[in-house]
Protein chains: 2
Amino acid sequence: MGATKTEHFTDKQNDIATLSKALGHPARVAIIDYLLSVDACICGDIVNELPLAQATVSQHLKELKNAGLIKGSIEGNAICYCIDEKALQKMQQYFAKVSDRLARKKSKC
Amino acid sequence: MGATKTEHFTDKQNDIATLSKALGHPARVAIIDYLLSVDACICGDIVNELPLAQATVSQHLKELKNAGLIKGSIEGNAICYCIDEKALQKMQQYFAKVSDRLARKKSKC
DNA sequence: GTTTAATATTGCAATATTACGATAGTATTT
DNA sequence: AAATACTATCGTAATATTGCAATATTAAAC
């Protein structure tokens, strides 16, 4: 074996897992951080910001894009990446709900 | 190669990545969901809740514990698992901050 | 002390991820 | 059209993850 058994879990669980997995690498968290720090959708220079080879960064960007966390649009001979708010809102809402439920729990450990 | 280059990223980035990675599998999201749904720290029966073999569930629990998302305390001949609020609060705060920064961004795509 | 119940660990096979050099593609510039 | 700049993809090696059967561990119950 080795393949994840996604079919046994709910869509919501698979959804949160997919987004979490995409953020499960420091380089990808760093990319999100960088896209947040520049007040614009950035064309190019993400590669220069990260201590990784261009091919590796490209792969990380692809994963973030596949998970729906960022979008890229072609802008001349460069590509303009920016954060997809919807996905991050989904995460925010999930953890807000979790925190809320934790606060209501009577029996703590 | 193949090993993650954690040393090139900030502690905060590695921290969020570690927690995200731990939630990057539907079974582990399901475990968190289940621990939230029962208003108690559960001893046993997590295995029965999941469509996976006991050994596999045990492994997932170990990963959640290593990431600091859950804690387990021995309770007789069973083990009592419960959510570690601190880790989930950290995630909640991170995404709240991200959402806040997104809301302030002037230039959208 | 032996059985029983609940978890953990080990060992292994299948698959996925991470990283990078080399190369290809695409659009601008000259 | 050739050179340049930016990004994606391919190929490959190293490592990590997923899943489970089998086995170990641990503590209660008998």
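A, B, ... follow the sequence lines: proteins, then strands. Residue 1 opens every chain.
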* Structure fact -> Writing each nucleotide of DNA chain D 5' to 3' as (, ), [, ], | or . by Watson-Crick or G-U pairing under 3.5 Å yields ||||||||||||||||||||||||||||||
* Asked: Rounded to whole angstroms, how far apart are CD on B:Gln59 and P on C:dA8?
  -> 11 Å
* **Validation row: A:Leu23, B:Leu19 side chains within 4.5 angstrom (heavy atoms)** => no
* Measure the shortest side-chain to side-chain distance between B:Met91 and B:Ser20 over non-hydrogen atoms and say whether it is less than 4.5 angstrom. => yes
* Structure fact -> From CD1 of B:Ile46 across to C1' of C:dA5 the rounded distance in Å is 16 Å
* Could you check how far CD1 of B:Ile70 sits from C1' of C:dA8, rounded to whole Å? => 13 Å
* The side chain of B:His25 lies closest to which of these nucleotides: D:dC20, D:dG19, C:dA8? -> D:dG19
Determine all donor-acceptor pairs shorter than 3.5 Å in which one atom belongs to a side chain in residues 51-59 of chain A; sequence neighbours excluded.
none

* Does a nitrogen or oxygen in the side chain of B:Lys62 sit under 4.0 Å from OP1 or OP2 of C:dT7? -> no
* Asked: Is any side-chain heavy atom of A:Asn66 closer than 4.5 Å to a side-chain heavy atom of A:Lys62?
  -> yes
* To do: Determine the interplanar angle of the A:His25 and B:Phe9 rings, folded into 0 to 90°, and report it as parallel if under 30°, tilted if 30 to 60°, perpendicular if over 60°.
  => perpendicular
* What does B:Ala55 touch in the nucleic acid at a heavy-atom separation under 4.0 angstrom: a base, only the sugar-phosphate, or nothing? -> base
* Structure fact -> Of the candidates C:dA19, C:dA22, D:dG19, the side chain of B:Thr56 sits closest to D:dG19
* Between A:Leu64 (CG) and C:dT18 (C1'), how many Å, whole number? -> 14 Å
* Structure fact -> By ring pair (Phe, Tyr, Trp, His ring centres under 6.0 Å), A:Tyr94 pairs with (sequence neighbours left out) none
* Does B:His60 place a side-chain N or O at less than 4.0 Å from the phosphate oxygens OP1/OP2 of D:dT17? -> no
* Asked: Whole-Å distance between D:dT17 P and B:Leu61 CG?
  -> 16 Å
* Please evaluate the base of D:dA8 for a donor-acceptor partner in the side chain of A:Gln54 within a cut-off of under 3.5 Å? => yes
* To the nearest Å, give me how far apart CG (B:Leu52) and C1' (C:dT7) are. => 16 Å
* Whole-Å distance between C:dA16 P and B:Glu63 CD? -> 16 Å
* **Proximity to the side chain of B:Ile79 - top-ranked nucleotide from C:dT7, D:dA21, D:dT18** => C:dT7
* Roughly how many Å is it from CG in A:Asn66 to P in D:dT9, rounded to a whole number? -> 10 Å
* To do: Return no unless some side-chain N or O of B:Tyr81 is found under 4.0 Å from OP1 or OP2 of C:dA8.
  => yes
* Considering just the side-chain nitrogens and oxygens of B:Lys21, establish if one lies under 4.0 Å of OP1 or OP2 belonging to C:dT17. => no
* How are the rings of B:Phe95 and A:Phe95 set relative to one another: parallel (under 30°), tilted (30 to 60°) or perpendicular (over 60°)? -> parallel
* To do: Might you work through the side chain to side chain contact (heavy atoms under 4.5 Å, CB included) test for A:Val29 and B:Thr10, ending with a clear yes or no?
  => CA-CA 10 Å; A:Val29 174; B:Thr10 69; over 6 Å; no
* Asked: So which nucleotide from D:dA8, D:dC20, C:dT7 ends up closest to the side chain of B:Ser58?
  -> C:dT7
